[in-house]
Amino acid sequence: MDSRLTIVDVTGSTNDDLLEAGKQGAPHGTGLAARAQTAGRGRRGHKWDSTAGNLLLSIVLRPCVNPAKYSGLAAVSGLAVLAALEKQGLANEIDLKWPNDLVARGRKLGGILVEAARDNEGKPFAVCGIGVNLNYVPSEVPDGGLPAIGLSDLNESVPAVDVLLKKVYHTVVNAVDAWTDLLNAKEEDAGPLAPVHDEYIAHLNWIGEHVLARSPAGDELARGIFKTVDGFGRACIETKDGLRFFHFEEASLRPLSK
């Protein structure tokens, strides 16, 4: 499968490159990594600082599931990245933040950006972009975003970027394949997170703690106790007026002092 992973010195955005390649029919598992990006981006179009020294990887995914369930890919991929880091002995302090970030010591270590599209034959596919801070830590973050941290801040010895790239690449593709099989074995109305729900909750930050939910525009939507994430990926917050559910496109969460 390594033959499907290409590494370039610099590009605008690996996600943009593979979205175009996917539209031209690039197969499942096609991977592109860059040592630097000039137009990297994260969730909601936020700029992703892509200075050389960090892991910058995108993968074409064509899971044989209902495209409406592609919303589970961010959680599956996040767990896979965490598993790859664990195998390298690098994940002792790392958790996941709903819906698509890796965090450590209250700071952002990495992010997952999944973008769905259709190719020129009308077939659905997704591109999963993965960014992890290794040796370079951005000083600027989007408004309201968590400050950044790198793997080198957490560990005395961090493998070369290319070594981690290959580990992460293989682990993500294998995890998506396993998720596809498990999801197809469940009832048709099963949520996209059903095959990984328990594992995802076990690694999720701020469960049981007081949080604030904000809209993409920065408006407060709710505050209360972060109870869980359901099988459809919605954050469940217990407020004074009852339970509130938020889809990842509707809100982002931040810890709230009691």
Side-chain angles (χ1 to χ4, degrees), residues 42-44 46 48-49 71-86 90-114 128-133 137-138 140-151 153-155 175 179 191-258:
R43 188 174 172 226
R44 296 175 179 160
H46 288 153
W48 182 272
D49 192 325
S71 58
L73 286 170
V76 172
S77 299
L79 285 168
V81 174
L82 188 58
L85 296 177
E86 284 176 340
L90 302 172
N92 292 336
E93 298 182 66
I94 303 173
D95 289 313
L96 300 176
K97 182 178 81 67
W98 179 85
N100 64 337
D101 289 341
L102 287 86
V103 293
R105 299 180 186 173
R107 295 171 175 259
K108 184 170 179 174
L109 178 73
I112 310 290
L113 175 64
V114 176
C128 176
I130 301 161
V132 180
N133 300 327
V137 179
E140 295 184 11
V141 296
D143 291 342
L146 297 176
I149 195 170
L151 276 177
D153 296 318
L154 305 173
N155 302 275
W179 167 78
L193 262 62
V196 298
H197 185 263
D198 290 347
E199 183 183 4
Y200 183 60
I201 296 299
H203 289 286
L204 203 56
N205 226 25
W206 306 334
I207 292 288
E209 298 182 16
H210 287 76
V211 297
L212 176 67
R214 290 192 180 276
S215 72
D219 299 322
E220 179 176 329
L221 299 174
R223 59 177 62 200
I225 298 175
F226 185 19
K227 299 297 289 185
T228 189
V229 171
D230 68 12
F232 293 88
R234 298 176 301 178
C236 175
I237 300 176
E238 183 179 48
T239 74
K240 61 183 178 61
D241 298 318
L243 293 178
R244 297 281 304 277
F245 292 85
F246 295 97
H247 193 265
F248 68 88
E249 294 176 344
E250 298 175 312
S252 59
L253 303 183
R254 292 290 179 270
L256 185 67
S257 299
K258 295 181 181 180

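To the nearest 0.5 Å, the span separating CG on Leu102 from CG on Leu151 amounts to 9.0 Å. To the nearest 0.5 Å, atoms CD1 (Ile201) and CG (Leu193) are separated by 8.0 Å. The CG atom of Asp101 sits 9.5 Å away from atom CG of Leu109, with the distance rounded to the nearest 0.5 Å. Atom NE2 of residue His210 and atom CD1 of residue Ile225 lie 4.5 Å apart, to the nearest 0.5 angstrom. Here CD of Glu220 is found 8.0 Å from CG of Leu256. Values are rounded to the nearest 0.5 Å. Here the straight-line distance linking atom CG of Asp241 with atom CG of Leu243 works out to 11.0 Å at 0.5 Å rounding.
Between the side chain of His197 and the main chain of Phe232, no donor-acceptor pair closer than 3.5 Å is present. Checking side-chain atoms of Asn100 against main-chain N and O of Ile112 turns up a donor-acceptor pair under 3.5 Å. The backbone N or O of Val196 sits nowhere less than 3.5 Å from a side-chain atom of Glu199 that would complete a donor-acceptor pair. Between the side chain of Trp179 and the backbone N or O of Pro192, at least one donor-acceptor pair lies under 3.5 Å. At distances below 3.5 Å, not a single donor-acceptor pair connects side-chain atoms of Asn205 with backbone N or O atoms of Lys97.
Results of the side-chain contact (heavy atoms from CB on, under 4.5 Å) test with Leu204 over Val229, Thr228, Asp95 single out Val229 as the only residue that passes.
Among all heavy-atom pairs drawn from Ala213 and Ile237, the shortest one is CB-CD1, 3.9 Å. In this structure, Trp98 and Phe226 approach most closely via the heavy-atom pair CB-CZ, 4.2 Å. Nearest heavy atoms, Asp153 versus Arg105: O-NH1, 3.5 Å. Between Leu96 and Gly78, the shortest heavy-atom distance links the atoms CD2-O, 3.8 Å. Residues His203 and Leu79 come closest through the heavy atom pair CD2-CD2, 3.8 Å. When all heavy atoms are compared, the tightest approach of Phe246 to Ala251 is CB-CB, 4.0 Å.
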Show your working on side-chain contact (heavy atoms from CB on, under 4.5 Å) between Leu90 and Leu154 and close with a plain yes or no. CA-CA 8 Å; Leu90 302 172; Leu154 305 173; over 6 Å; no
Steps toward side-chain contact (heavy atoms from CB on, under 4.5 Å) verdict (Arg214, Arg254)
CA-CA 8 Å; Arg214 290 192 180 276; Arg254 292 290 179 270; 5.6 Å; no
From CA spacing to verdict: side-chain contact (heavy atoms from CB on, under 4.5 Å), Leu253, Trp206: CA-CA 9 Å; Leu253 303 183; Trp206 306 334; 4.2 Å; yes
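Residues passing the salt bridge (charged side-chain N to carboxylate O under 4.0 Å, His left out) test with Arg244: none are found, sequence neighbours excluded.
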